[in-house]
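Every heavy atom of this structure was used, including side-chain atoms; hydrogens, water molecules and symmetry mates were not. These numbers come from a predicted model, not from an experiment.
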Amino acid sequence: ISSLLVIARNSAFTYKGKAVQVQEVGREMGVRYVLESSVQRAGDLVRIAVQLIDAITGYHLWSERYDRPLTDIFAVQDEIAQAIAASLQAALTEQAAHLIEKYSCPVETLLRQGLALNAIPELADELQADLLVMGVRGAHFVQELLIGSTTERVLRQTKRPLLAVKQRPRGAYRRVLVPVDFSPHAAAAATTAHAWLPDAEVILLHAFGVDMESTLRFAGVAEEQIHEYRARARETAFNSMSQFVDGLSIPASRLTRVIVHGAPTLQILEHEQSLDVDLIAMGKHGQSALEELLLGSITKHVLAYSSSDVL
């Protein structure tokens, strides 16, 4: 489903009178199109100039000038809104027709008003969507890492599966990397990945560490002792992985187990490249603000740094 969302007026008014780049507004608001306008008044007459701009390319898609009596100002507002809605709806309809022709699948277009971060999850719940699909733009990484990309912020709100698309499709997903901590969330991610992609290889990756390893080393604990702790942690991880796999309904021929020592985020990103995966499937923990703060950082960094799509 292709959905068009209109940002609420109060949110847009934060840019009133400010000199900002259209691309910056698009990133901060999570929108594809920006409407610019100016108003001039001469006696009882007003001139309103409006232009619709693509927030990614900066191209002007539509513009118009309205010279009307001041008493017609509200009528002009309605006329502008209708013209813009018709223009964008036409663009959506054209895109839908292209998708239908190329993929032979049903496509519906929707026009909604509201803040995208709220409207997208609400619409997904209203439609009882099985999957939310959002494109991820890679520009201005530092800003998105600090405040969170639109996709990442929507992910925090929705309880539905979300696919963050970062690459152009090259065919069906062949190899899926599933980071596991042996929790029910990880099991759900692995099971969902196999159910949706039964022909893909599912790679279960677990990164383990020794509790307070750096502190032990700083305190002068012998390396031999630390290596012994690490060996025990590895053995525990192997046993936990075996129990985890036994609880999955995935054929052994489709499963690969990888257990490594190191920080989870770094290991996920390194193995994404070394194993040539094209999808990372991660379970979402966040039910409380604290869980989101502690566990969401891994998801945020994977979304920001990974090359492949993220489910």
Side-chain angles (χ1 to χ4, degrees), residues 131-138 141-142 144-146 148-149 151-156 158 161-167 170 172-197 200-211 213-214 230 233-234 236-245 247-248 250 254-286 291-311:
L131 179 65
L132 252 172
V133 181
M134 297 184 65
V136 177
R137 297 199 289 268
F141 157 74
V142 174
E144 291 200 347
L145 182 61
L146 291 175
S149 66
T151 300
E152 188 250 330
R153 285 182 283 174
V154 168
L155 178 61
R156 287 181 179 274
T158 185
L162 187 151
L163 175 64
V165 178
K166 308 183 78 172
Q167 297 181 341
R170 296 175 295 178
Y173 292 117
R174 304 167 295 106
R175 192 167 293 144
V176 184
L177 179 65
V178 183
V180 299
D181 56 3
F182 312 129
S183 69
H185 306 283
T191 301
T192 300
H194 174 67
W196 288 354
L197 306 165
E201 177 187 3
V202 176
I203 303 171
L204 304 178
L205 171 66
H206 175 70
F208 72 92
V210 176
D211 291 339
E213 180 172 338
S214 59
R230 189 180 294 175
R234 183 184 296 274
T236 299
F238 271 93
N239 292 335
S240 298
M241 179 67 84
S242 296
Q243 296 177 9
F244 181 79
V245 170
L248 300 177
I250 302 177
R254 295 296 180 191
L255 276 178
T256 299
R257 313 179 197 187
V258 179
I259 298 176
V260 294
H261 173 263
T265 301
L266 293 178
Q267 293 301 328
I268 292 170
L269 296 175
E270 288 181 6
H271 283 79
E272 174 202 16
Q273 300 299 321
S274 63
L275 298 175
D276 189 29
V277 304
D278 43 23
L279 177 66
I280 300 175
M282 304 180 66
K284 182 188 175 187
H285 294 257
E291 283 183 312
E292 287 287 2
L293 179 63
L294 297 177
L295 301 169
S297 60
I298 294 178
T299 302
K300 176 185 288 189
H301 282 79
V302 170
L303 279 173
Y305 283 108
S306 65
S307 301
S308 58
D309 298 346
V310 180
L311 175 62

Does a side-chain heavy-atom distance below 4.5 Å link Leu132 with Pro161? no

Scanning both residues in full, the closest heavy-atom pair of Ala207 with Pro264 reads CB-CA, 3.8 Å

Applied to residues 262-276, the salt bridge (Lys or Arg N to Asp or Glu O under 4.0 Å) test, sequence neighbours excluded, yields Arg174-Asp276

Are Leu311 and Leu162 packed together at the side-chain level, in the sense that at least one heavy-atom pair is separated by less than 4.5 angstrom? no

**Request:** Look at the side chain of Lys166 and the backbone N and O of Val310, then say whether any donor-acceptor pair between them is shorter than 3.5 Å.
**Result:** no

Heavy-atom side-chain contact between Leu163 and Leu279 under 4.5 Å
yes

Open item on the list: Taking the side chain as everything from C-beta on, heavy atoms only, tell me whether Val176 gets closer than 4.5 Å to Ile280.
Closed with: no

Tightest non-hydrogen contact, residues Ala188 and Thr192, listed as O-OG1, 2.7 Å

*Distance only, no hydrogens: is a donor on one side chain within 3.5 Å (strictly under) of an acceptor on the other, for Thr256 and Glu201?*
yes

Looking only at heavy atoms, the pair that brings Ala189 and Gly283 closest together is CB-N, 3.6 Å

Give a yes or no answer on whether the side chain of Thr158 reaches the backbone of Val154 with a donor-acceptor pair at less than 3.5 Å. no

Distance col, row Arg254:CZ vs Ile203:CD1, nearest 0.5 angstrom, shows 12.5 Å

Between Asp181 and Ala186, the two heavy atoms sitting closest are OD1-CB, 3.7 Å

| query | Do the side chains of Trp196 and Leu131 get nearer than 4.5 Å, heavy atoms only? | reply | yes

Shortest non-hydrogen pair, Pro179 vs Ala281, comes out as CD-O, 3.2 Å

Tell me if a side-chain donor or acceptor on Asp309 pairs with a main-chain N or O of Asp278 at a distance below 3.5 Å. no

Residues passing the ring-ring contact (aromatic ring centres under 6.0 Å, His included) test with Phe244, sequence neighbours excluded, are Phe182

- Is there a side-chain contact between Val133 and Val165, using heavy atoms and a 4.5 Å cut-off? yes

Between the OG atom in Ser308 and the OH atom in Tyr173, the distance rounded to the nearest 0.5 Å is 8.5 Å

From the list Arg257, Met241, Met282, side-chain contact (heavy atoms from CB on, under 4.5 Å) with Val180 holds only for Met241

Is any side-chain heavy atom of Leu204 closer than 4.5 Å to one of Leu248? yes

Rounded to the nearest 0.5 Å, the CD atom of Gln243 sits from the CZ atom of Phe238 at a distance of 14.0 Å

Practice item. Could you go through the side chain to side chain contact (heavy atoms under 4.5 Å, CB included) check for Leu205 and Val178 one step at a time? Key: CA-CA 6 Å; Leu205 171 66; Val178 183; over 6 Å; no

Practice task
Please lay out, stage by stage, how Val245 and Ile250 fare under the test side chain to side chain contact (heavy atoms under 4.5 Å, CB included).
Solution key: CA-CA 8 Å; Val245 170; Ile250 302 177; over 6 Å; no

Across all chains, not counting sequence neighbours, the ring-ring contact (aromatic ring centres under 6.0 Å, His included) partners of His194 are none

* Look only at the side chain of His206 and the backbone of Ile259, and say whether a donor-acceptor pair between them is shorter than 3.5 Å. => no

